[in-house]
Amino acid sequence: LKHVAKPMHFTEIAEKIKSYGTRALSVHAVQAPITDEKFKIWGKEIADFAKTLGVKTITLHPNNINKNKIRQEKALENLGYFVDLYKEEIVFCIETFEGKRRVFTPDEIVNFNLPMTLDTAHIRDDKKIWKLLKDYKQNIKNVHLSAKDENKQHLPIDSFCKEVVSYLI
């Protein structure tokens with residue numbers, strides 16, 4: 001769901017999803033502007049939507065912006081607002097993306113001790129994925145599994161993905 005949806009529709013959408021007998025495991029809120037003041041409004045709407053669905057985790061993409069300390073501090077402030085508001089009831093997780101422009105890189109997610117959604121297709125180096133799994137497992141709340149090659153992401157799962165699943169279970 002994009003952040004343009006009207007809040008009054010979230011309850012109707014959640015009820016429709018539940019009427020099909022579908023159980024949602026998490027919400028993937030990719031358009032979240034976590035460095036923006038408006039995120040506190042939009043984030044509350046999506047968190048309440050997640051609560052209605054019985055979902056605890058929400059995955060956010062880290063903004064692809066000209067990163068600086070002020071923008072990171074604003075994102076941390078916004079995320080902290082929801083930690084205070086929802087305690088452990090709802091958890092906003094930052095998805096792993098490489099790239100210097102991202103407000104949080106995988107290393108920064110770790111450095112700031114943020115909840116993580118580990119996406120195996122977004123990190124080029126498999127050794128880095130294993131390091132995150134071994135050293136940061138307690139804060140990895142979701143894992144997006146898909147294969148990758150040099151030019152493509154989100155391919156059907158491969159033997160590496162299966163090894164990750166074996167490690168996690």
Side-chain angles (χ1 to χ4, degrees), residues 1-64 75-98 102-106 109-110 112-123 129 132-133 136-148 152-158 160-169:
L1 296 172
K2 291 191 174 186
H3 67 278
V4 295
K6 300 279 187 246
M8 65 184 159
H9 294 131
F10 282 130
T11 301
E12 294 166 25
I13 293 167
E15 293 306 321
K16 188 67 168 177
I17 291 168
K18 290 181 349 186
S19 77
Y20 292 126
T22 302
R23 183 173 153 242
L25 301 176
S26 67
V27 173
H28 196 169
V30 299
Q31 300 298 325
I34 62 175
T35 57
D36 191 306
E37 184 66 33
K38 293 177 187 173
F39 177 70
K40 289 179 182 174
I41 297 166
W42 182 86
K44 182 164 182 356
E45 293 169 359
I46 203 67
D48 290 342
F49 173 68
K51 277 178 59 175
T52 303
L53 285 173
V55 167
K56 182 176 179 168
T57 60
I58 300 170
T59 294
L60 305 170
H61 286 191
N63 301 45
N64 195 11
L76 290 168
E77 174 191 322
N78 286 341
L79 293 167
Y81 170 81
F82 289 105
V83 169
D84 292 342
L85 187 63
Y86 290 101
K87 308 301 180 212
E88 291 293 316
E89 188 178 9
I90 297 290
V91 178
F92 284 91
C93 305
I94 307 301
E95 187 168 344
T96 53
F97 278 87
E98 294 181 315
R102 294 286 178 175
V103 69
F104 298 116
T105 63
I109 294 169
V110 171
F112 288 115
N113 200 35
L114 298 172
M116 176 187 285
T117 294
L118 175 63
D119 191 315
T120 60
H122 293 166
I123 298 177
I129 294 170
L132 287 167
L133 284 166
Y136 203 62
K137 187 176 179 180
Q138 77 284 357
N139 271 353
I140 298 174
K141 307 301 182 190
N142 290 304
V143 178
H144 292 171
L145 291 171
S146 57
K148 60 189 178 280
K152 294 181 183 175
Q153 297 179 348
H154 302 296
L155 299 171
I157 62 170
D158 60 5
F160 177 77
C161 295
K162 292 174 185 176
E163 288 175 37
V164 169
V165 171
S166 293
Y167 175 77
L168 292 171
I169 58 173

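Just so it is clear, the structure is predicted and the values come from calculations on it, not from any experiment.
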Quick one: closest heavy-atom pair of [X] and [Y], and the distance?
X      : Y      : answer
Ile123 : Lys148 : O-CE, 2.9 Å
Thr52  : Ala14  : CG2-CB, 3.5 Å
Asn63  : Pro33  : ND2-CA, 3.7 Å
Ala121 : Ser146 : CB-OG, 3.3 Å
Ser26  : Val55  : CA-CG1, 3.3 Å
Cys93  : Met116 : CB-C, 3.9 Å

- Is there a side chain to side chain contact (heavy atoms under 4.5 Å, CB included) between Phe104 and Leu114 once you walk through the steps? CA-CA 10 Å; Phe104 298 116; Leu114 298 172; 4.1 Å; yes

Nearest 0.5 angstrom please: [X] [atom1] to [Y] [atom2], how far?
X      : Y      : atom1 : atom2 : result
Ile109 : Ile140 : CD1   : CD1   : 9.5 Å
Asn142 : Leu25  : CG    : CG    : 8.5 Å
Leu53  : Ile46  : CG    : CD1   : 8.5 Å
His122 : Ile129 : NE2   : CD1   : 10.5 Å
Ile94  : Asn139 : CD1   : CG    : 12.0 Å
Glu163 : Thr120 : CD    : OG1   : 11.5 Å

- Task: Carefully, step by step, assess Lys40 and Asn78 under the rule side chain to side chain contact (heavy atoms under 4.5 Å, CB included).
- Result: CA-CA 6 Å; Lys40 289 179 182 174; Asn78 286 341; 3.2 Å; yes

- Query: So Lys56 and Lys141, side chain to side chain contact (heavy atoms under 4.5 Å, CB included) or not? Walk me through it.
  - Reply: CA-CA 10 Å; Lys56 182 176 179 168; Lys141 307 301 182 190; over 6 Å; no

- Message: Can you tell me how the ring of Trp42 sits relative to the ring of Phe39, calling it parallel under 30°, perpendicular over 60° and tilted otherwise?
- Response: tilted

- CA sep, side-chain torsions, deciding dist, call: Leu133, Tyr167, side chain to side chain contact (heavy atoms under 4.5 Å, CB included): CA-CA 9 Å; Leu133 284 166; Tyr167 175 77; 3.9 Å; yes

- Query: Do the side chain of Thr57 and the main chain of Val91 share a donor and acceptor less than 3.5 angstrom apart?
  - Reply: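 No.
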
- Query: Are any side-chain N or O atoms of Asp48 and backbone N or O atoms of Lys51, one a donor and one an acceptor, separated by less than 3.5 Å?
  - Reply: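 Not confirmed, Asp48 side chain does not pair with Lys51 backbone.
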
- Task: Apply ring pair (Phe, Tyr, Trp, His ring centres under 6.0 Å) to Phe92 and Tyr81, showing your working.
- Result: CA-CA 11 Å; Phe92 284 91; Tyr81 170 81; 9.7 Å; no

Counting neighbours of [atom1] on [X] that are heavy atoms of other residues, nucleotides or ligands and sit closer than 6.0 Å, is the number greater than 12?
X      : atom1 : answer
Lys162 : NZ    : no
Glu88  : CD    : no
Lys18  : NZ    : yes

Does the side chain of [X] reach to within under 4.5 Å of the side chain of [Y], using non-hydrogen atoms?
X     : Y      : result
Phe82 : Ile90  : no
Thr59 : His144 : yes
Leu60 : Leu79  : yes

